[in-house]
**Student:** 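Here it is, the structure, as structure tokens.
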Amino acid sequence: MVVGFLLAAAGPAWAAEGPAPQPVAVAESELFEVVARLGEDGLVLHVDRPDSNAPVLAAELELEHGGKAVKAVFRPAQGDYLVADRAWLQAFGQPGSYPLAMTVIAGEDSDLLSADLRVVDTAEGPGAAAMDRRWGLALALLAAIAAGFWWRRRKGAQA
């Protein structure tokens with residue numbers, strides 16, 4: 001019974017855990033919006049117009065971080081841009097906030113945008129704190145039940 005209660009108390013914490021947060025950067029200007037997500041393929045970027053949310057396709061997109069620049073490759077099938085340069089992406093391997101400068105050139109329009117790529121420690125994702133609190137609560141409850149049994153047994157032995 002106690003084990004079942006503890007599993008029931010901890011279960012919602014496991015269910016709330018979900019996938020690890022994905023590193024993301026968002027930049028916006030009067031001409032362009034850029035959303036960048038760091039995933040298994042590399043840094044995937046979506047560029048659109050802020051006034052209409054229309055995608056900006058086949059633009060020139062260059063990113064800079066730490067004095068190193070890299071060009072994003074347009075992927076027509078996905079309608080996005082990809083940076084797959086592992087040497088350049090290696091800088092984002094640790095949790096932290098990384099400043100990015102992005103140059104977008106689309107036809108006659110061009111702009112320089114900046115954003116911070118936020119990489120979260122997966123061990124400290126949004127569900128980790130809730131999980132720690134629930135396990136603490138479950139252990140405190142278990143200790144209270146054990147103390148109750150001990151007290152009851154002690155009272156029975158004295159009578």
Side-chain angles (χ1 to χ4, degrees), residues 3-142:
V3 173
F5 179 78
L6 292 176
L7 289 175
W14 288 327
E17 192 69 21
Q22 192 175 27
V24 66
V26 178
E28 186 175 352
S29 71
E30 290 182 14
L31 297 174
F32 303 108
E33 286 179 330
V34 180
V35 176
R37 285 189 170 81
L38 187 60
E40 292 180 12
D41 295 340
L43 189 63
V44 177
L45 301 108
H46 295 270
V47 182
D48 63 49
R49 300 282 182 175
D51 57 345
S52 65
N53 209 28
V56 176
L57 307 175
E60 290 181 46
L61 179 57
E62 184 175 276
L63 289 88
E64 183 180 335
H65 169 73
K68 296 178 183 176
V70 64
K71 288 192 181 273
V73 176
F74 177 64
R75 302 188 302 179
Q78 290 87 349
D80 63 15
Y81 300 81
L82 176 66
V83 175
D85 183 337
R86 295 291 170 203
W88 189 80
L89 293 169
Q90 188 175 15
F92 312 120
Q94 297 297 317
S97 185
Y98 301 95
L100 298 174
M102 296 175 260
T103 304
V104 181
I105 302 172
E108 297 292 318
D109 294 331
S110 64
D111 209 346
L112 177 64
L113 297 95
S114 65
D116 289 328
L117 180 67
R118 300 186 195 288
V119 179
V120 178
D121 185 357
T122 56
E124 295 179 13
M131 184 70 165
D132 289 344
R133 283 191 300 272
R134 294 229 170 118
W135 274 113
L137 178 63
L139 289 175
L141 184 60
L142 181 61

**Student:** Give, for atom CZ of F74 and atom CG of D80, the distance between the pair rounded to the nearest 0.5 Å.
**Tutor:** 8.0 Å
**Student:** Drop me the distance from T103's OG1 to L61's CG, to the nearest 0.5 angstrom.
**Tutor:** 8.0 Å
**Student:** Of the non-hydrogen atoms in Q22 and L38, which two are nearest, and what is the gap between them?
**Tutor:** CG-O, 3.3 Å
**Student:** Surrounding CZ of R49 (heavy atoms of other residues, nucleotides or ligands, distance under 6.0 Å), is the total greater than 12?
**Tutor:** yes
**Student:** Keeping Y81 on the side-chain end and A58 on the backbone end, is there a donor-acceptor pair under 3.5 Å?
**Tutor:** yes
**Student:** Could you check N53, V26, V47 and say which one makes a side-chain contact (heavy atoms from CB on, under 4.5 Å) with E33?
**Tutor:** N53
**Student:** Taking all non-hydrogen atoms of both residues, which atom of L100 and which atom of A25 are closest, and how far apart?
**Tutor:** CD1-CB, 4.2 Å
**Student:** Minimum heavy-atom separation for G79 and L57, please, with both atom names.
**Tutor:** O-CD2, 4.0 Å
**Student:** Taking all non-hydrogen atoms of both residues, which atom of E30 and which atom of P50 are closest, and how far apart?
**Tutor:** O-CG, 3.5 Å
**Student:** Decide yes or no for L63 and L45: does some side-chain heavy atom of the first lie under 4.5 Å from some side-chain heavy atom of the second?
**Tutor:** yes
**Student:** Please report the C-alpha distance between R75 and V44 in whole Å, then the side-chain angles of each, then the deciding distance to 0.1 Å, and finally whether the side-chain contact (heavy atoms from CB on, under 4.5 Å) criterion is met.
**Tutor:** CA-CA 10 Å; R75 302 188 302 179; V44 177; 3.9 Å; yes
**Student:** Once rounded to the nearest 0.5 Å, what's the spacing between atom CG of L112 and atom CZ of F32?
**Tutor:** 11.5 Å
**Student:** Which of parallel (below 30°), tilted (30 to 60°) and perpendicular (above 60°) describes F92 and H65?
**Tutor:** tilted
**Student:** How far apart are the closest heavy atoms of L31 and S110, and which atoms are they?
**Tutor:** CD1-O, 3.6 Å
**Student:** For P95 and V120, which heavy atoms make the closest approach, and how far apart are they?
**Tutor:** CB-C, 4.3 Å
